[in-house]
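Just below is one structure, and these are the notes that go with it.
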There are 2 protein chains.
Amino acid sequence: MPSETSFGWQDARDEALRRIRARDWPPGELIPNEADLAAEWGCARATVNRALRDLAEAGLLERRRKGGTRVVLTPLRKATLEIPVIRQEVVARGATHGYALIDRAPGPGPAEVCRRMGLAAGTGLLRVRALHLSDGAPHVYEDRWLNPAAVPAVLDLDLARVDANSWLVQNVAFTRGDLALGAVAADAAIADALRCAPGSAVFAMERITWTADQAITLVTQHYAPGYRMKTSF
Amino acid sequence: MPSETSFGWQDARDEALRRIRARDWPPGELIPNEADLAAEWGCARATVNRALRDLAEAGLLERRRKGGTRVVLTPLRKATLEIPVIRQEVVARGATHGYALIDRAPGPGPAEVCRRMGLAAGTGLLRVRALHLSDGAPHVYEDRWLNPAAVPAVLDLDLARVDANSWLVQNVAFTRGDLALGAVAADAAIADALRCAPGSAVFAMERITWTADQAITLVTQHYAPGYRMKTSF
DNA sequence: CAGTGGTCTAGACCACGGT
DNA sequence: CCGTGGTCTAGACCACTGT
């Protein structure tokens, strides 16, 4: 007789996925409600809920109270990018990580930087430029603006010995961030730091991190030519 | 008297988050088990479970059976990238989307392409190069390899009228993909298509999409200079 | 072995939002 | 109004794994 283990939420998710892919539940169409599926699959409604919620988070279903659940027309794919802490990323690859402070300069921030950070123009900031090395070779050139109003301790930090990236991650609790990825041509400073030709195509990642209301830092990290950021979806 | 509504899973998550940020639960330390927290917060264990599972998925907690739950040392931040369907992305910005087929050529795939797609060297593929326009201006130059063995219908597709991107999304059920982001210097073909200077720094996104076992397509999309891909975390 | 998280259940109440 | 998903509960069994 059926000594099957129970129909778990992953089974429910897989079966729903199968029906979506098989066009058994066509794009844009309503699917049966949770109670009916629970009855059909011989499990509790909570189990169906967990499964369908998972698919909804993955972007395959749209769920609305009273409106029911329907298959999304064009499944928008989402990929999860892990934002690397450079040092960890390098070490994880089995390479040795090096760090060199290039420049540290307190002073008023440029208007554009202050605006992006939600600060009054001319607010006093700390600019830090540094280079990360991987097995001795230039890996990432980092141009950072720090907001001392949000993190006073950075003014006393020995940035020649500790990289801001690692220190912030372990000592400042930020709540959210904005991220932008792009490509830029290496200017003199970048080319000099990364030891590449001026004008080289460089992958750049810009981040602004915030506490509840204050910007902590705006940083742009320029990766040595050829770098590729990889993930799956 | 306490007419408070019940202590829901989001309340539990917020309180746990507060304790983590306040170093009330220090990095690396074990936190109380679910049963204890449920008792303390006056809710069911399932509610605590939902809250802590959420924080674990966010990368703030590590949970192991019997091992308990501990605060992650260096909260690895994750950002979710939405992989754009170019046409939709353009239209969503309120711009008009244009599409032009540049080249369509069946033939054996280069060794490197076949290798990346997990195919035997020299497998017959279909190469399609196309340009997406935003309000008439070059936006994305797309260089694509399609595997007819996985999607025979592409051979009969009128790629001059339909862009492969949109068609695939709506007609092929893929299961997973690999993604790589980087910067490249525009070669002649790219510069010509995007109407930029050769050597310009161009943001490139490469994707390989798979069904259960077969590669469907390998595509590299080159964005016009200045493009930034944005998200939050 | 024993403690912890992972999951399922049956039932209940509620919030939202089409009709 | 009333159907649907969102969530909570109390209890139970199980899977994994540290000790």
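Naming convention: chains lettered A, B, ... in sequence-line order (proteins, then strands); numbering from 1 in each chain. Below, all heavy atoms of this structure are taken into account, side chains as well, without hydrogens, waters or symmetry copies.
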Under the side chain to side chain contact (heavy atoms under 4.5 Å, CB included) test against B/Thr69, which residue among B/Leu37, B/Leu61, B/Asn33, B/Leu30 passes? B/Leu61
With a strict under 4.0 Å distance from non-hydrogen atoms of chain B, what nucleotide opens and what nucleotide closes the contacted stretch of DNA chain C, reading 5' to 3'? C/dG3 to C/dT7
Touch class at under 4.0 angstrom, heavy-atom based, for A/Gly8 against every strand present: sugar-phosphate
Determine, for B/Glu34 against B/Arg63, whether the closest basic-nitrogen to carboxylate-oxygen distance falls under 4.0 angstrom. yes
Check ion pair A/Arg228-B/Glu206 (N to O, under 4.0 angstrom): yes
Let me know the distance between CD of A/Glu62 and C1' of D/dT4, rounded to the nearest Å. 15 Å
Between A/Arg45 and A/Arg65, whichever has its closest DNA chain C nucleotide further toward 5' is A/Arg45
Parallel under 30°, tilted from 30 to 60°, perpendicular over 60°: which one fits the rings of B/His139 and B/Tyr223? perpendicular
Could you check whether any side-chain N or O of A/Ser134 sits under 3.5 Å from a backbone N or O of A/Ala137, counting only pairs where one atom can act as donor and the other as acceptor? no
Mind checking B/Arg64 for me? I need base, sugar-phosphate or nothing, with any heavy atom below 4.0 Å counting as a touch. sugar-phosphate
Hey, does the side chain of B/Asn171 reach the backbone of B/Trp167 with a donor-acceptor pair shorter than 3.5 angstrom? yes
Nearest whole Å is fine: how far is D/dG5 C1' from A/Leu30 CG? 13 Å
Touch class at under 4.0 angstrom, heavy-atom based, for A/Arg50 against every strand present: sugar-phosphate
Whole Å only: how far is the NZ atom of A/Lys66 from the P atom of D/dG3? 7 Å
Of B/Ala46 and B/Ile31, the one whose closest DNA chain C nucleotide lies more 5': B/Ile31
